[in-house]
Number of protein chains: 2
Amino acid sequence: MSSIKEVAKHAGISSASVSIYLNDKSTNRVSAETKIRIEQAIKDLNYYKNVFASSLSTQKSKLIGIIIPTILPLFSNDYTNTLLSGIQTRLSSFGYGLLFFPSSAQSSIEIVKEQLENSAGCDGYILFSTGFCTMKQILKNIGELKKTQRPFVTLNIPQVDNTVNQVLIRDLDISTGVRHLIEKGHNNILLLLGRAGGEHAYFLKKDFQQTMERNKLDYSDKKILYGNYSAETAYSVVKSAILNFPDTTAICCMSDIMASSALQAVFDLGKSVPEDISIIGRNNSLYSRLSNPELSTIDLHMHQAGLSSANLLLDTLSGNTGIQKILLSGTLIERNSVKTLNRESNHDS
Amino acid sequence: MSSIKEVAKHAGISSASVSIYLNDKSTNRVSAETKIRIEQAIKDLNYYKNVFASSLSTQKSKLIGIIIPTILPLFSNDYTNTLLSGIQTRLSSFGYGLLFFPSSAQSSIEIVKEQLENSAGCDGYILFSTGFCTMKQILKNIGELKKTQRPFVTLNIPQVDNTVNQVLIRDLDISTGVRHLIEKGHNNILLLLGRAGGEHAYFLKKDFQQTMERNKLDYSDKKILYGNYSAETAYSVVKSAILNFPDTTAICCMSDIMASSALQAVFDLGKSVPEDISIIGRNNSLYSRLSNPELSTIDLHMHQAGLSSANLLLDTLSGNTGIQKILLSGTLIERNSVKTLNRESNHDS
DNA sequence: ATAAATATGTTAAGCGTTTAATTAAAATAA
DNA sequence: TTATTTTAATTAAACGCTTAACATATTTAT
């Protein structure tokens, strides 16, 4: 690895000139001929600028740390990937790179701590929340982020106090799906959530209960299923739930993947969608469009959420010290997996 | 941001001691009481180690640069995400983080160049290939990587010479699907590829042609479709192809997503799968399992490929200077989207 | 009692850039 | 001609951390 000094020596000038040129190729502090000699030297020596030395010197790294408190492999979750995709799109166009730190810890808090430990020097952070996090952990993680004294924004985390930049997709948006089903005449609804214990699941469950009770419909904990975000678990959980609750007319799912699996389970039970049972997904992902029948779903605007969080961070990075909260709402996408029920007959169907 | 010096001062010792302790908490060059004082100081000052200063000093960053020559948003491609997931799993467990550099360029070569420009200091790189790359570009990109003098491995790139560590999934594995269809009695096969122009598509197409001709079956360029890796394009392209070639008995697809779309197109034409038309996908992704009928597909072992590339890099990083080539082959997953045809009757079906 | 070993520190140089301050030569103005 | 400005460079300190080399006090061995 050749350094700027070697480039300078090779070009017969001082390293300061090389640095000045490299940071502004149209500078007039370096003559035209010298520029040519520098370029030649860079080529001859295969010089690449050391990002660490440069970051250390300028106290700016043009790198954003992405903190995702999960013990699962990264890049394997549909939601997260869509968010990341939005984030990267925006940050990249402003010249920022993304940094993912390793962690071997097993708990949300330890993961965040470990990732932060060697991360000072990033220009900012984006903190995700995942189904693993309880509210207590989320708050602790935010506290940890605050300690770094760097700008950060939280993404898809249940709403927290107003001292933190946050982008959130209303957790309550499971209710959009539930309300849609109720409007269509369903009153025997199964709720298929991800992992029990996390704050997300807790919120969604509470919201479901409220929505059901507000509509004077039966609510029972037993009608809340946990599919663990996986197709397999969702499949088997739905299958046995339908056998347990043969009156079920609809399933409201927390993710399109689980909705797709639910659909398979219903089929394999010899029933059809939406004739016998209606299904609604969540996320408007490709899964919902590619299933048969195509799934009605709630578009969570994850890509937009990613863009927004990047924008928010960029804004803060450029000196805006105000705290912002960006709230995105899901929108219902009606397709072919929900049947309109005759209110009178739905107990007999 | 507090520095190690401030921590040292606060603890009443020299920064060397702090550094020594931080890099080995069980060191015996620092007394037990001093360790406690250091910990206290770190807490009091919210100290985090500056990754750049540390990397600069040790000449090791524990960071791997991921180079993906695409102009599309990162994290939006199913293949790539699965590869990344494998890479991250392995690298993280060895304490390595991932670095994604920004780039605003529009061509494969410029993208790689730009990303490398400010990346010196990474311990190593993993270079992806994408549907955008022609062989020429790939070779150029590899040349660019070589110049960095850092260990790197190429992933999913058409086989190159033996001076480069490479992990590849045999490009020819479209033939596994084609052969399967032929064995099942199909001889009127449509090939659905991604993007025209890239090396991947070129290889797959050539291989298809060879396989068809070796089996003495009609081959025509017109039966090669380009779905642009997208569900929408695949759908419309398949729809019109089936109208053009009503004798079609099977479609071999380069990706599960496009296969899923092909399935929809077939349905929407009033035909059914596999009764009228057989479909085979590629990647054994969730899409193939969640479609109805479930898609036969080729498992490309993308996650394993990611793991392997990480292993290979780790191996090189730990001093192994030998060049390795890891070749993974796809394996056929038979599900319910391929029908066995009676060879005599397949022209009349 | 002396020498050797151990325990616990510290000093200072170096990693590769950047940049404020400075210099020197050349060009222009007075 | 001399003073001023412009152009094109250089010098040297700083960024925060690591580490080889050195220092000193305390234990242990002889």
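Below, chain A is the first sequence line, B the second, and so on; all start at residue 1.
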Among [options], which nucleotide sits nearest the side chain of [X]?
X       : options                : value
B:Ser57 : C:dT17, D:dT11, D:dC17 : D:dC17
B:Ser19 : D:dT10, D:dA9, D:dT18  : D:dT18
A:Ile13 : D:dT18, C:dG16, D:dT10 : D:dT10
B:Asn50 : D:dC17, C:dT11, D:dA12 : D:dC17

| So, is B:Lys49 close to the D:dT18 phosphate, meaning a side-chain N or O under 4.0 Å from OP1 or OP2? | yes
| query | A:Ser15 side chain N/O closer than 4.0 Å to the phosphate oxygens (OP1, OP2) of C:dG16? | reply | no
| Derivation and outcome, salt bridge (charged side-chain N to carboxylate O under 4.0 Å, His left out), residues B:Lys147 and B:Glu144 | CA-CA 5 Å; B:Lys147 284 204 229 154; B:Glu144 211 58 44; 3.5 Å; yes
Which part of the nucleic acid does [X] contact within heavy-atom distance under 4.0 Å: base, sugar-phosphate only, or nothing?
X       : answer
B:Ser54 : sugar-phosphate
B:Tyr47 : sugar-phosphate
A:Leu22 : nothing
A:Thr34 : sugar-phosphate
B:Ser3  : sugar-phosphate
B:Ser17 : base
B:Thr58 : sugar-phosphate

| Looking at B:Tyr21, is B:Lys35 sitting on its ring face, NZ or CZ under 6.0 Å from the six-membered ring centre and within 45 degrees of the normal? | no
| field | Results of salt bridge (charged side-chain N to carboxylate O under 4.0 Å, His left out) for A:Glu39 - residues two or more places apart only | value | A:Lys25
| said: Would you call the rings of A:Phe75 and B:Phe75 parallel, tilted or perpendicular, taking 30° and 60° as the class edges? | reply: parallel
| Under the criterion side chain to side chain contact (heavy atoms under 4.5 Å, CB included), which of A:Val153, A:Asn320, A:Thr321, A:Asn165 is the partner of A:Asp315? | A:Asn320
Separation of [X] atom [atom1] from [N] atom [atom2], in whole Å?
X        : N      : atom1 : atom2 : answer
A:Asn118 : D:dT18 : CG    : P     : 9 Å
B:Asp24  : D:dT18 : CG    : P     : 12 Å
B:Ile20  : D:dC22 : CD1   : C1'   : 12 Å
A:Met1   : C:dG16 : CE    : C1'   : 11 Å
B:Tyr21  : D:dT18 : OH    : C1'   : 17 Å
A:Tyr48  : C:dG16 : OH    : C1'   : 17 Å
B:Ile4   : C:dT10 : CD1   : C1'   : 14 Å
B:Lys35  : C:dT8  : NZ    : C1'   : 11 Å

| request: Indicate, yes or no, whether a donor-acceptor pair under 3.5 Å links the base of D:dT10 to the side chain of A:Arg29. | output: yes
| task | Give a yes or no on whether a donor-acceptor pair under 3.5 Å exists between the nucleobase atoms of D:dT10, that is its base, and the side chain of A:Ser14. | result | no
| query | Do the side chains of B:Thr89 and B:Leu307 get nearer than 4.5 Å, heavy atoms only? | reply | yes
| task | Using atom types as modelled and distance alone, determine if a side-chain donor or acceptor of A:Gln137 lies under 3.5 Å from a backbone N or O of A:Thr134. | result | yes
| Toward the 5' end of DNA chain C, which comes first, B:Gln59 or B:Val30, by nearest nucleotide? | B:Val30
| remark: Taking five pairs at each terminus, the helix from C:dA1-D:dT30 to C:dA30-D:dT1 shows an axis bend, to 10°, of 50°
| said: Could you report the tightest heavy-atom contact between A:Arg150 and A:Tyr125, atom names first, then the distance? | reply: CB-CE1, 3.8 Å
| message | Distance alone, cut at 3.5 Å: any donor-acceptor contact between the side chains of A:Thr82 and A:Ser85? | response | no
| said: Between A:Asn28 and A:Ala16, which residue's closest nucleotide on DNA chain D lies nearer the 5′ terminus? | reply: A:Asn28
